[in-house]
Amino acid sequence: MNNLQCGQTQEQQPSLSIDLKKNRIRIHKKTLYMLGNPTYIQILVNPVKKTLAILPSVSEDHLAHKINWLYLDDSSKSYELYSKALVKTINSLQIWEPKQIYKIDGTAINTDTSTVAILFYLNESVVIEAT
């Protein structure tokens with residue numbers, strides 16, 4: 001299923017990848033840009049709907065992950081987050097093949113003035129690399 005919204009190109013499509021072998025989540029910079037380049041993000045998992053959401057957050061939030069923009073230079077295409085527990089939780093909902101890398105395109109949740117979250121449907125993942 002293609003999550004492109006009306007007038008949205010593939011380059012504007014928010015996306016992330018999940019590397020089961022390295023317990024890594026790569027959040028593509030275009031996804032962070034759509035959220036307004038936040039300093040902190042929160043990742044929420046809905047086990048019933050099998051979705052993952054990324055929202056801007058604040059430092060006081062104990063679930064927040066800090067985005068260090070100094071390391072995201074022009075050559076970097078994504079923010080990398082390593083979390084065995086989070087990847088294991090996500091994989092328990094979808095039961096992907098081990099040692100694979102999966103890409104998921106997201107859908108922006110917008111208000112009149114900004115994007116407030118990016119929603120990813122885990123069942124719409126595609127394998128991008130077999131290791």
Where is the tightest heavy-atom contact between Lys30 and Gln13, given as atom of each residue plus distance?
CE-O, 2.8 Å

Any chance you could measure His65, atom NE2, to Leu81, atom CG, to the nearest 0.5 Å?
5.0 Å

Pairwise distance OG(Ser59) to NZ(Lys66) - rounded to 0.5 angstrom
8.0 Å

Any side-chain heavy atom of Leu52 within less than 4.5 Å of one from Ile104?
no

If you measure from CG on Leu93 to OG1 on Thr51, what distance do you get to the nearest 0.5 Å?
9.0 Å

Hydrophobic clustering (ILVMFWY, side-chain heavy atoms < 4.5 Å, transitive) - are Trp69 and Ile41 grouped together?
yes

Do you know the tightest heavy-atom contact between Val87 and Asp19?
CG1-O, 4.4 Å

Give the cluster check for Leu86 versus Leu20: same hydrophobic cluster or not, with ILVMFWY residues linked at side-chain heavy-atom distances below 4.5 Å.
yes

Could you walk me through whether Leu63 and Gln42 satisfy the side chain to side chain contact (heavy atoms under 4.5 Å, CB included) test, starting with their C-alpha distance in whole Å, then the side-chain angles of each, then the deciding distance to 0.1 Å, before giving a yes or no?
CA-CA 6 Å; Leu63 296 175; Gln42 187 180 86; 3.8 Å; yes

Verify the cluster assignment for Leu122 and Leu16: are they in a single hydrophobic cluster under the rule of side-chain heavy atoms below 4.5 Å apart?
yes

Any sub-3.5 Å donor-acceptor pair from Tyr102's side-chain atoms to Glu97's backbone N or O?
yes

For the NZ atom on Lys22, are there more than 12 heavy atoms of other groups (residues, nucleotides or ligands in this structure) within a distance under 6.0 Å?
no

Tightest non-hydrogen contact, residues Ser15 and Asp105, listed as CB-OD1, 3.4 Å

With a 3.5 Å cut-off and no angle check, do the side chains of Glu80 and Tyr82 form a donor-acceptor pair?
yes

Mind checking the CZ-OG1 spacing from Phe120 to Thr107? Nearest 0.5 Å is all I need.
8.5 Å

In Å and rounded to the nearest 0.5 Å, what is the CD1 to OG1 distance from Ile54 to Thr115?
12.5 Å

Under 4.5 Å between side-chain heavy atoms, counting indirect links through other Ile/Leu/Val/Met/Phe/Trp/Tyr residues: same cluster for Val127 and Trp96 or not?
yes

Return the minimal non-hydrogen interatomic distance between Gly106 and Ile118, and the atom names on each side.
CA-CG2, 4.2 Å

Between Asp61 and Tyr40, is there a side-chain heavy-atom distance shorter than 4.5 Å?
no

Atom pair NE2/OG of His28 and Ser17 - distance to nearest 0.5 Å
4.0 Å

